[in-house]
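Encoded as structure tokens, the structure appears first; notes follow it.
Along the sequence shown, residues carry numbers from 1.
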Amino acid sequence: GLPNVGKSTLFNAITHAGAEAANYPFCTIEPNVGVVAVPDERLDKLAALYQSKKITPAVIEFVDIAGLVKGASRGEGLGNKFLSHIREVDAIVHVVRCFEDENVTHVESSVDPVRDIETINLELILADIEAVNKRADRIKNAARGGSDKNAAQEFAFLQKLLAHLESECPANSYPLTDEEMPFMENLFLLSYKPVIYCANISEADMGENEENISLVQKVKEYAGKHNAGVIVICAKTEEELSQMEETDREMFLEEFGLKESGLDKLIKASYSLLGLISYLTAGEKETRAWTITRGTKAPQAAGKIHTDFEKGFIRAEVVEWETLLECGGLTGAREKGKVRYEGKEYVMKDGDVVLFRFNV
């Protein structure tokens, strides 16, 4: 996002939340990278059932970069340096200012979330044009020589993509074919990444119906047209919440009629945007969430625990987490015929509690 929209305040909330999570130690890989647990009530319930010594949640890594300004793609405000930091991320959380405050200056002197979004998106597109041109220059000779068929195909794709970007359209709206997919993925383009718009509202608007906040509605309309997600938060409140004791936090949320914090919503939405789900393992030693991509089959899911589990996969003993709780554990679930025995073609579901059988 732009400067002064609440990015660092939100990031502070994320990092505090990480630091306060008793079951997962917050770690900072670099000063601007925070790792935070994905909120998951299922883990606490399963851990209580098994009296687990340890709980290990799924985690998500957030990278905070400084505010971007017009001309960032050309290095204005050290923009290029910051853009390079997010070249390898899987998705972008774009913080948008949806609050009026005369004490917080706006780089454009007025609050207009759609204009701000378009300013940033144009900078991402301009940075991508530069990246595509560099790649095209690198393979130009091999493509024109005619001896390298793959290079010729890629070069033709790059020319089409370049025309698309130069018409100020993001890479994620390019009509990609299956053959072109590997070329696109190899580019790590910023405007190709999935986006969540984080509408940062004022404290006065906390608990207000989102439909009554005109600036938020503008962001939602824009996001709807561009296939992006929207989360509404008050970064300032989130930072305060992240420093509260659990009971105080619950009381505060209840006061505003909120089921969960904006931060929890953001973390869950990020996880979902990336097409990720969690399967669970539970026992006396540890209850744990394992992150997999939606659509993963049982042997590959088993490989997340250990490569031997995938190599020697025999079967997965699967029970839905709520069913497991109702049956009082795996033994009870077996007695009631609630455990399914699944083979190599089984596609894992979110919330599956699994015991893998393998032989190496």
Let me see the working for E310 and K304 under salt bridge (charged side-chain N to carboxylate O under 4.0 Å, His left out), right down to the final yes or no. CA-CA 8 Å; E310 185 175 353; K304 285 278 179 183; over 6 Å; no
Check the pair I196 / S270 against side-chain contact (heavy atoms from CB on, under 4.5 Å), numbers first and verdict last. CA-CA 7 Å; I196 294 175; S270 303; 3.9 Å; yes
Take S173 and H226, measure what side chain to side chain donor-acceptor pair (under 3.5 Å) needs, and give me the verdict at the end. CA-CA 8 Å; S173 66; H226 296 84; over 6 Å; no
What do the steps show when you test F252 against R249 for side-chain contact (heavy atoms from CB on, under 4.5 Å), and what is the final call? CA-CA 5 Å; F252 183 93; R249 193 181 307 148; 5.7 Å; no
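Taking both residues in full, the closest heavy atoms of I233 and G262 are given as CG2-CA, 3.5 Å, listed atom of the first, atom of the second, then distance. Between I14 and V36 the shortest heavy-atom distance is O-CG2, 3.9 Å. Across K193 and R87, no two heavy atoms sit closer than the pair NZ-O, 2.9 Å. Heavy atoms only, all atoms of each residue included: M206 and C234 are closest at SD-CB, 3.5 Å. When all heavy atoms of A223 and G229 are compared, the closest pair comes out as CB-O, 4.4 Å. Of all the heavy atoms in E345 and K297, the pair that sits closest is OE1-NZ, 2.5 Å.
Formation of a donor-acceptor pair under 3.5 Å by the S261 side chain with backbone atoms of D264 is found in this model. Distance alone, capped at 3.5 Å, is enough to place a donor-acceptor pair between the D148 side chain and the A151 backbone. Judged by distance alone, the side chain of E180 and the main-chain N or O of T177 form a donor-acceptor pair under 3.5 Å. Without hydrogens or angle criteria, D352 side chain to K349 main chain gives a donor-acceptor distance under 3.5 Å. Looking at D64, its side chain never comes within 3.5 Å of a backbone N or O of F11 through a donor-acceptor pair.
Looking only at atom types and distance, the side chain of Y192 has no donor-acceptor partner in the side chain of E185 under 3.5 Å away. At a cut-off of 3.5 Å, with distance as the only test, a side-chain donor of E286 or T56 sits close to an acceptor on the other residue. Side-chain atoms of Y271 and S278 form a donor-acceptor pair, as typed in the model, at a separation below 3.5 Å.
Rounding to the nearest 0.5 Å gives a distance of 9.5 Å between OG1 of T291 and CD1 of I277. In this structure, CZ in R138 is found 9.5 Å from CD in E154, a value given to the nearest 0.5 Å. Between I292 atom CD1 and D350 atom CG the span is 8.5 Å, to the nearest 0.5 Å.
Using a 4.0 Å cut-off between charged side-chain N and carboxylate O, K134 and E130 make a salt bridge. Ionic pairing of E210 and K220 is present here: one or more N-O contacts between side-chain nitrogen and carboxylate oxygen are shorter than 4.0 angstrom. In this structure, E342 does not pair ionically with R315, as no charged nitrogen and carboxylate oxygen lie closer than 4.0 Å. Between E317 and R334 there is a salt bridge, since at least one side-chain N of the basic residue sits less than 4.0 Å from a carboxylate O of the acidic one. At a threshold of 4.0 Å, the pair E260-K268 counts as salt-bridged, since one of the basic side-chain nitrogens sits closer than that to a carboxylate oxygen.
Checked against the 6.0 Å centroid criterion, the rings of Y279 and F356 qualify as a close aromatic pair. For Y174 and F157, the ring centers are positioned less than 6.0 Å apart. Ring pair F313/F358: centre-to-centre distance not below 6.0 Å.
With contacts defined as side-chain heavy-atom distances shorter than 4.5 Å, the pair L276/V38 does not qualify. In this structure, V319 and R340 have side chains that are not in contact, with every pair of non-hydrogen atoms separated by 4.5 Å or more. M251 places none of its side-chain heavy atoms less than 4.5 Å from the side chain of E245.
Just one of I231, I117, V232, N200 meets the side-chain contact (heavy atoms from CB on, under 4.5 Å) condition when paired with V219; it is I117. With L325 as the partner, the side-chain contact (heavy atoms from CB on, under 4.5 Å) test is satisfied by one option alone out of K45, E320, R42: K45.
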